[in-house]
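Okay, structure first, notes after.
The chain is numbered in sequence order, starting from 1.
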Amino acid sequence: MAADLDAGELRVTVLGSGTAIPVADRFPAGYLVQSQRANALVDCGPGTLRRLAQTGVDLGDLDAVFLTHYHTDHCADVGPLLFALRSPRYRGRKPLHLFAAPGLQRFLDTLATVWPWTLPRDYELRVHELSPGTFAFEDLQVAAVPIRHTAQSLGYRFEATSGRSVAFSGDADECEELVDLARDVDVFVCDAAFPDEARVEGHLTPGLAGAHAERARAKALWMTHFYPECDGVDVAAQARATYRGEVVVARDLLAVTLRQ
Ligand SMILES: [Zn+2]
Ligand SMILES: [Zn+2]
């Protein structure tokens, strides 16, 4: 069953606004994108499946997983997902699509050498190694864009039939591609891993996330992927110093439905 959404509507839910460092209230990276015909995960870090259960979406209704890159905080729940889908309760379910940069099949094959119970049984697993570009998935237009973080990092943008849109930076350092990805987007979910005064290479800060969002004319900036260094820091103020749109500090299970 797809989400209870009308044609053209788009729902975005934060499943994990945290990182590899365990903290009580933020799980590692995971997001849910829903349209009338699709339930898709963007990243699947450890804890994503639990948060997904909290949204009421059953694994039987999941259509796709889009991985931004292969760091463990973004994909560790792929194994548990594939194991769970072997349960008899999901026998004959619809195909599950996995999307990521080249290396995905090797990742899955390697996983299966230690966890053979991640191999699909009684359903079809469709593996898509993506080149940069756009394509249709169900009722969504998807763009995959290379992002400066690892050699296999992709940002994703999803557009509903109404034109409403959301973009995900994944982990990101400064790059022009990020501005293209977020151009005029309704919601720009963007790495703001460390405070402005404690920048770490490979990641953005609130001020830098804001600068990219400003140049892209994104309508709202949802900052995410907060390391504990951000605790007690007014990250919203840092973003507002460089960005005039709506600033949102993401937290787990924060959601918005974009209507026509
Ligand atoms: Zn990373
Ligand atoms: Zn990360």
Side-chain angles (χ1 to χ4, degrees), residues 10-14 17-19 29 31 33 42-43 66-69 71 74 99 101 130-135 140-160 162-227 229-230 233-251 254-256 258-259:
L10 200 57
R11 183 177 297 152
V12 183
T13 306
V14 176
S17 58
T19 68
Y31 306 89
V33 175
V42 175
D43 283 336
F66 296 80
L67 298 178
T68 61
H69 63 300
H71 280 160
H74 295 256
F99 297 90
L130 293 174
S131 304
T134 60
F135 57 96
L140 294 168
Q141 271 298 121
V142 186
V145 173
I147 295 295
R148 189 173 152 219
H149 177 67
T150 66
Q152 296 155 306
S153 289
L154 293 174
Y156 294 103
R157 179 180 175 129
F158 300 86
E159 201 163 299
S162 60
R164 304 309 297 270
S165 56
V166 57
F168 297 87
S169 69
D171 288 358
D173 206 329
E174 292 179 272
C175 58
E176 282 303 305
E177 289 85 350
L178 207 50
V179 177
D180 294 337
L181 183 78
R183 183 84 57 204
D184 298 316
V185 78
D186 287 299
V187 174
F188 181 27
V189 181
C190 188
D191 179 340
F194 296 95
D196 286 356
E197 61 276 18
R199 172 160 153 72
V200 170
E201 195 179 342
H203 290 283
L204 295 174
T205 65
L208 289 171
H212 284 74
E214 178 68 25
R215 290 180 54 213
R217 298 177 184 271
K219 296 185 180 76
L221 169 64
W222 287 26
M223 291 186 292
T224 190
H225 209 51
F226 296 114
Y227 274 84
E229 282 81 348
C230 292
V233 175
D234 191 347
V235 291
Q238 294 188 349
R240 285 196 191 100
T242 56
Y243 173 59
R244 286 171 290 183
E246 182 192 357
V247 171
V248 174
V249 179
R251 59 186 184 324
L254 175 70
V256 69
L258 301 170
R259 304 190 192 281

Practice item. Mind running side chain to side chain contact (heavy atoms under 4.5 Å, CB included) on D184 and R217 for me, showing each step along the way? Key: CA-CA 5 Å; D184 298 316; R217 298 177 184 271; 3.6 Å; yes

Review point. Is it true that R244 and E214 have a side-chain N and a carboxylate O under 4.0 angstrom from each other?
Key: yes

Practice item. Give me the ring orientation class for H71 and H149: parallel if the planes are under 30° apart, tilted from 30 to 60°, perpendicular past 60°. Key: perpendicular

**Study point:** Validation row: F168, V33 side chains within 4.5 angstrom (heavy atoms)
**Key:** yes

Exercise for review: Please check if any side-chain donor atom of H225 sits under 3.5 Å from a side-chain acceptor atom of D191, or the reverse.
Suggested key: no

Practice item. Hey, could you give me the CD/CD1 distance between E174 and I147, rounded to the nearest 0.5 Å? Key: 12.5 Å

Exercise for review: Verify, without hydrogens or angle tests, whether D43 (side chain) and A29 (backbone) share a donor-acceptor contact under 3.5 angstrom.
Suggested key: no

Review point. Does some side-chain heavy atom of V166 sit less than 4.5 Å from a side-chain heavy atom of W222?
Key: no

Review point. Does the ring centre of F135 sit less than 6.0 Å away from the ring centre of F99?
Key: yes

Review point. What pairs with A239 under side-chain contact (heavy atoms from CB on, under 4.5 Å), at least two apart in sequence or on another chain?
Key: P206, L221, M223, V247

Review point. Under a 4.5 Å cut-off applied to non-hydrogen side-chain atoms, are V189 and V14 in contact?
Key: no

Check your understanding: Would you call R199 and E229 a salt bridge, taking side-chain N to carboxylate O under 4.0 Å as the test?
Key -> no

Revision key, fill the gap. Which of R215, R148, H212 passes side-chain hydrogen bond (donor to acceptor under 3.5 Å, both in side chains) with E176? Answer is R215

Check your understanding: Heavy-atom distance under 4.5 Å between the side chains of T68 and Y156, does that happen here?
Key -> yes

Practice item. Answer whether the closest heavy-atom distance between the side chains of V145 and P132 falls below 4.5 Å. Key: no

Review point. To the nearest 0.5 Å, how far apart are CZ in F158 and OG in S165?
Key: 11.5 Å

Revision key, fill the gap. dist T224:OG1 -> D171:CG (nearest 0.5 Å) comes out at 9.5 Å

